[in-house]
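To start, the structure under review is shown below, and the notes come after it.
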Amino acid sequence: MDFDIIIKAQVIEAIKNLYSADVHEKQVQLQLTRKEIEGDFTLVVFPFLRMSKKSPEQTAEELGTYLVDKVAEIASFNVIKGFLNLEIAEKYWIAFSKQAYGQKSFGTVEATPEAEKVMVEFSSPNTNKPLHLGHIRNILLGDSITRILKANGKNVQAVNLVNDRGIHICKSMLAWQKWGEHATPDSSGLKGDHLVGDYYVKFDQEYKKEIKQLVEDGFDEKKAAKEAPLLLEAQAMLRSWEKKEESVYSLWQKMNAWVYDGFAVTYKQMGIVFDKTYYESETFLLGKQLVLDGLEKNILIKKEDGSVWADLTKDKLDEKILLRSDGTSVYMTQDLGTAHQRFADYDLDRHIYVVGNEQNYHFQVLKIVLKKLGFDWAEHLFHLSYGMVELPTGKMKSREGTVVDADDLIEEMIATAKTTSMELGKLDGLSDSEIEEITHTIALCALKYFILKVDPKKTMTFEPKESIDFNGNTGPFIQYTYARIQSILRKAEELGYSTDYADDLSNLEEKESQLVKTIYNFPAIIKEAGANLSPALIANYVYDLTKEFNQFYHDISILKEENEQLRSFRIALAELTGNTIKTAMSLLGADVPVRM
RNA sequence: GGUCCAGUAGCUCAGCUGGAUAGAGCAAUAGCCUUCUAAGCUAUAGGUCCCAGGUUCGAGUCCUGGCUGGAUCACCA
């Protein structure tokens with residue numbers, strides 16, 4: 001039922017027979033015909049003019065005649081300039097619909113043990129503050145590409161790497177000790193990550209005060225920033241932590257546990273599941289040996305003060321430090337180690353890091369250093385770099401309080417979904433728990449779709465008003481269409497209408513065949529989204545599909561159709577559209593409600 | 001300054017490996033609820049695809065140079 005594959009093969013045959021020339025499959029440009037033009041598939045004939053030595057129109061004409069003659073599926077053709085438009089006989093489209101209708105999740109591929117093994121790392125939060133809008137983009141992208149790769153039949157593991165150690169968490173800990181008054185999530189009523197985050201902010205405020213005081217006392221500003229007592233104290237705390245001193249270590253465990261509880265709630269709200277969570281406290285010592293080995297082989301260089309560097313000037317980059325003069329690891333060292341470990345442990349074919357574009361340089365270096373160290377698999381590291389999320393007022397800055405908190409945002413979306421639904425009277429007669437469930441589904445879908453529909457690479461503007469708008473190109477619009485389809489199906493069942501139809505059905509309406517063609521294209525879109533790691537392709541596809549169905553819905557009555565065969569076909573087509581929407585949305589991590 | 005990324009309608013964004021007359025939504029204007037859910041549909045209006053060259057049958061898409069905006073170039077992570 002792969003029309004495009006059949007046609008391509010026949011075109012190659014045709015060129016051979018007509019013009020005695022061999023063409024490669026890549027030269028055969030076959031695309032879906034534009035909506036306004038008659039036909040289903042369009043062959044671009046320009047590349048073949050060299051062989052035919054005839055005008056574009058003539059060449060197209062000859063190829064068209066040949067194909068209609070040889071390929072049963074092709075009913076007719078027309079030529080516009082250098083474009084040969086081929087029309088598939090209706091009965092084949094109908095047969096295709098039937099076949100697709102019979103599949104559970106049409107378009108997706110089941111994983112096999114031999115399939116590619118991919119690890120996707122995303123989220124990667126720090127434990128000193130709650131998740132914000134930037135994390136949301138990261139998490140949604142990571143989750144979605146995990147799902148898309150699975151739909152492409154890959155063996156995928158979604159992993160989180162928690163940055164649970166370092167000076168940042170010591171700052172929160174110190175502030176808690178000094179000004180916390182034994183506050184806990186229970187006693188304060190705050191979510192653990194928010195509580196800890198508040199102390200991080202508190203630290204920063206007090207630290208700023210100290211700097212100001214020092215400057216007033218005549219210190220140079222830089223010096224003041226480096227020598228403020230609070231900072232020195234935090235640094236001392238980090239040293240104590242590295243020595244695993246009991247008091248510091250247990251406080252660290254306690255506060256991190258609060259944060260994890262808080263994160264767990266947010267992940268659950270968002271419907272995110274990880275196969276495994278890594279902690280930097282357990283991995284930050286990895287990689288040192290790799291660096292020392294590299295030093296021994298003279299791949300890396302040691303400076304007079306004892307620090308170890310990679311010279312990347314030949315790669316048009318700078319020198320990069322890998323071990324400090326005191327022999328301790330840096331961020332890069334750790335990443336060298338974890339990558340090595342993961343490839344060794346899981347025999348990975350590919351490793352994808354979902355990390356913001358501010359770290360492009362880091363991953364560029366990571367890859368080059370690993371290659372220099374002689375690891376061939378470095379080629380299979382991929383940094384899925386995404387752009388920042390900005391607000392209409394500019395960048396998000398935690399210090400200026402312009403950060404959009406993840407939990408607040410989700411809560412606000414749910415509240416808006418509820419009031420909007422109420423106003424429209426959509427929730428009348430439903431129980432409280434049903435209302436909860438539906439509004440949650442709508443809110444999350446709105447958020448996910450809003451974020452995922454834009455190309456990951458691009459910096460995006462987060463317009464609060466627009467993100468919460470449920471009209472037009474939005475998640476809820478898609479959900480709404482799905483809900484309407486379900487409503488049709490319920491009624492069809494009530495009336496006892498069947499979805500079985502004969503193969504020889506014909507005379508489909510324009511909108512119907514357009515819909516079938518769009519659905520036909522779904523597997524190709526999934527493949528492409530998998531290859532490009534782009535949920536945006538899925539999002540834009542499902543929006544198109546939804547729009548098409550809506551037009552169809554308004555133009556053509558389904559249940560009132562008198563012709564039983566045609567009616568059955570339309571009901572089945574509606575269901576197929578619904579299933580396709582559902583599958584596509586699931587690739588974005590979004591659910592579709594049965595009613596709304 | 002070096003490197004990387006982006007620039008498409010008033011705004012937010014699509015536009016797949018170069019293909020036909022550059023598309024949606026929002027905002028604006030005008031219509032459509034005795035009908036399978038109006039979170040919808042239809043119509044109108046809105047464009048120097050940042051600029052200039054080049055490659056070719058054909059460039060929003062590829063190449064070169066510029067302009068604008070962003071990221072990054074720490075013994076931070």
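Each chain gets a letter, A, B and so on, in the order the sequences are listed, and its residues count up from 1. No experiment lies behind these values; they were computed from the predicted model shown.
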**OP:** Please state how far atom CG in A:Leu489 lies from atom P in B:U37, giving the value in whole angstrom units.
**Re:** 11 Å

**OP:** Looking at every strand, decide which applies to A:Glu528 at a 4.0 Å heavy-atom threshold: base, sugar-phosphate, or nothing.
**Re:** base

**OP:** State, without any angle test, whether A:Glu280 and A:Tyr331 hold a side-chain donor-acceptor pair at a distance under 3.5 Å.
**Re:** no

Original post:
How long is the line joining CZ of A:Phe462 and C1' of B:C11, in whole Å?
Top reply: 16 Å

Original post:
With respect to the side chain of A:Leu424, which nucleotide from B:U3, B:A39, B:U37 is positioned closest?
Top reply: B:A39

Subject >> Polar side chain donor-acceptor pair, A:Thr59 to A:Ser52, under 3.5 angstrom >> reply: yes

Original post:
Can you tell which of B:C13, B:A20, B:G40 lies closest to the side chain of A:Val454?
Top reply: B:C13

**OP:** Measure from the side-chain heavy atoms of A:Tyr361 and tell me the nearest of B:C36, B:A20, B:U72.
**Re:** B:U72

**OP:** Can you tell me, in whole Å, how much space there is between the P of B:A24 and that of B:A43?
**Re:** 10 Å

Original post:
Heavy atoms under 4.0 Å, any strand shown: does A:Thr42 hit a base, just sugar-phosphate, or nothing?
Top reply: base

**OP:** Just call it for A:Met460: base, sugar-phosphate, or nothing, with non-hydrogen atoms closer than 4.0 Å on any strand.
**Re:** sugar-phosphate

Subject >> Options B:G23, B:A24, B:C36, nucleotide nearest the side-chain atoms of A:Tyr543 >> reply: B:A24

Original post:
On a plain distance test, is the side chain of A:Lys426 in donor-acceptor contact with the base of B:U37 below 3.5 Å?
Top reply: yes

**OP:** Give A:Ala483 one of three labels, base, sugar-phosphate or nothing, depending on what nucleic acid heavy atoms sit under 4.0 Å from its own.
**Re:** base

Original post:
Are the aromatic rings of A:Phe382 and A:Phe363 close, with centres under 6.0 Å apart?
Top reply: no

**OP:** Kindly say whether, by distance alone, the side chain of A:Asp164 makes a donor-acceptor pair under 3.5 Å with the base of B:A77?
**Re:** no

Subject >> Position toward the 5' end of RNA chain B (nearest nucleotide), A:Asn473 or A:Glu280 >> reply: A:Asn473

**OP:** Whole angstrom is fine here: how far is it from CZ in A:Phe450 over to C1' in B:A39?
**Re:** 17 Å

Original post:
Between B:A39, B:U42, B:U21, which one does the side chain of A:Gln551 approach most closely?
Top reply: B:U42

Original post:
How would you label the contact of A:Thr461 with the nucleic acid (heavy atoms, under 4.0 Å): base, sugar-phosphate, or nothing?
Top reply: sugar-phosphate

Original post:
From B:A39, B:G40, B:C36, pick the nucleotide closest to the side chain of A:Ile442?
Top reply: B:A39

**OP:** Answer with base, sugar-phosphate or nothing: what part of the nucleic acid does A:Phe477 contact at a heavy-atom distance below 4.0 Å?
**Re:** sugar-phosphate

Original post:
Looking at A:Ser557, does any N or O in its side chain come under 4.0 Å of the phosphate oxygens OP1/OP2 on B:C36?
Top reply: no

**OP:** Provide the distance between the two C1' atoms, one in B:U44 and one in B:A6, to the nearest whole Å.
**Re:** 33 Å

**OP:** Establish whether the base of B:A39 is bridged to the side chain of A:Thr474 by a donor-acceptor pair shorter than 3.5 Å.
**Re:** no

Subject >> Inter-nucleotide C1' distance (B:C13, B:G47), Å rounded >> reply: 15 Å

**OP:** Please measure how far the P atom in B:A30 lies from the corresponding atom in B:G70, and state the result in whole Å.
**Re:** 40 Å

Subject >> Nucleotide of B:U37, B:A39, B:A6 approaching A:Lys457 most closely (side-chain heavy atoms) >> reply: B:A6

Subject >> Per A:Gln359 side chain, nearest of listed nucleotides B:A14, B:A77, B:C16 >> reply: B:A77

Subject >> B:G58 base stacked by A:Phe46 (centroids within less than 5.5 Å, tilt under 30°) >> reply: no

Original post:
Using a cut-off of 4.0 Å on non-hydrogen atoms, how would the nucleic acid contact of A:Leu32 be classed: base, sugar-phosphate, or nothing?
Top reply: nothing

**OP:** Select one nucleotide: of B:G15, B:A14, B:G40, the one nearest the side-chain heavy atoms of A:Asp455.
**Re:** B:A14

**OP:** Compute whether any side-chain donor of one residue and acceptor of the other, for A:Asn138 and A:Tyr386, lie under 3.5 angstrom apart.
**Re:** yes

Original post:
Does the ring of A:Trp309 carry A:Lys303 above it, NZ/CZ under 6.0 angstrom from centre and within 45° of its axis?
Top reply: yes

Subject >> A:Tyr520 and A:Phe3 aromatic ring geometry - parallel, tilted or perpendicular at 30°/60° bounds >> reply: parallel

Subject >> Any N/O donor-acceptor pair, A:Ser421 side-chain to B:A39 base, under 3.5 Å >> reply: yes

Original post:
Any luck finding a side-chain donor-acceptor pair between A:Thr42 and A:Thr33 under 3.5 Å?
Top reply: yes

**OP:** Provide the distance between the two P atoms, one in B:U42 and one in B:C57, to the nearest whole Å.
**Re:** 41 Å

**OP:** Please tell me which of A:Tyr553 and A:Asn85 maps to the more 5' nucleotide of RNA chain B, matching each residue to the nucleotide holding its nearest heavy atom.
**Re:** A:Asn85

Original post:
Does the ring center of A:Phe549 lie less than 6.0 Å from the ring center of A:Phe552?
Top reply: yes

Original post:
Roughly how far apart, to the nearest Å, are B:G66 and B:A22 at atom C1'?
Top reply: 25 Å

Original post:
Of all the nucleotides listed (B:A77, B:G40, B:C41), which has the minimum atom distance to the side chain of A:Tyr480?
Top reply: B:G40

